[in-house]
Amino acid sequence: MNPNEIATLYRETSARGTHPMALVVKLYDAILEDLRRALNAAASGDIEGRTASLNHALLVIAELQSVLDHTRGGEVAKRLDGFYNVTRGLIVEANLRSKPEHVQRLIELYMPLRQAWKKAADEMTHGNAAVSAPSPNSVQAAFANAPADASDLDRERAQWNA
């Protein structure tokens, strides 16, 4: 998905009355699909496919990061911003090192956040209009093992180099 496709999807989703959280879930799905494609490409030695998939994941993450509302999002937005910064660095490193286990680790980092957004979107769909993002508790649970700052990035890199 390129940035124009993302904007079009957002407009179409909003026009159909679907909550924008459903779009966030779709964007997480796109990231996870990109990472799975990159994992398969890395395992088969397909450098071009791995690079294209990881670059697309970076674009989608940049889009998610660009729409964070730090005023209304508070601590959740701050944590997501840090998480996106760290994982973007990890994606670049995974692309350079070309090790499937690094891409697998990224999938493991993104999956709990996707689940938290999906849960919040489902709650919205079932009539809980007060929900506008995953609850701080669900984000906290999703972030239990997720890197969110430079020291976490250094620790993650150290594990990759071990």
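Residues: numbered from 1 along the sequence shown.
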ask   = Linking I/L/V/M/F/W/Y whenever their side-chain heavy atoms sit closer than 4.5 Å, directly or via other members, would L54 and M111 fall into one cluster?
value =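 L54 clusters together with M111.
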
ask   = Is V86 linked to V92 within one hydrophobic cluster, defined over Ile, Leu, Val, Met, Phe, Trp and Tyr using a side-chain heavy-atom separation of less than 4.5 Å?
value =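 Shared cluster, yes.
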
task = Take R105 and L109, measure what side-chain contact (heavy atoms from CB on, under 4.5 Å) needs, and give me the verdict at the end.
result = CA-CA 6 Å; R105 175 67 178 139; L109 292 172; 3.4 Å; yes

Which atom names give the shortest non-hydrogen contact between [X] and [Y], and what distance separates them?
X: L64; Y: I31; result: CD1-CD1, 3.6 Å
X: V25; Y: A121; result: CG2-CB, 4.2 Å
X: A94; Y: V103; result: CB-CG2, 4.2 Å
X: A77; Y: L68; result: O-CD1, 3.7 Å

key: Contact check, side chains of L80 and L113, non-hydrogen atoms, under 4.5 Å   =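 Answer yes - side chains close enough.
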
message = Would you call the rings of Y28 and Y110 parallel, tilted or perpendicular, taking 30° and 60° as the class edges?
response =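 Judged by the thresholds at 30° and 60°, the geometry between Y28 and Y110 is tilted.
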
For the [atom1] atom of [X] and the [atom2] atom of [Y], what is their distance to the nearest 0.5 Å?
X: L96; Y: T51; atom1: CG; atom2: OG1; result: 9.0 Å
X: D34; Y: D29; atom1: CG; atom2: CG; result: 11.0 Å
X: N95; Y: S53; atom1: CG; atom2: OG; result: 9.5 Å
X: K26; Y: R114; atom1: NZ; atom2: CZ; result: 10.0 Å
X: T87; Y: L35; atom1: OG1; atom2: CG; result: 9.0 Å
X: I107; Y: H102; atom1: CD1; atom2: NE2; result: 13.0 Å

inquiry  = Please determine whether a side-chain nitrogen of the Lys or Arg among E33 and R37 lies less than 4.0 Å from a carboxylate oxygen of the Asp or Glu.
reply    =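 A salt bridge is present here (some side-chain N lies under 4.0 Å from a carboxylate O).
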
request  = Report the residue from V67, I61, L59 that forms a side chain to side chain contact (heavy atoms under 4.5 Å, CB included) with E63.
outcome  =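 Looking at V67, I61, L59, the match for E63 under the side chain to side chain contact (heavy atoms under 4.5 Å, CB included) is V67.
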
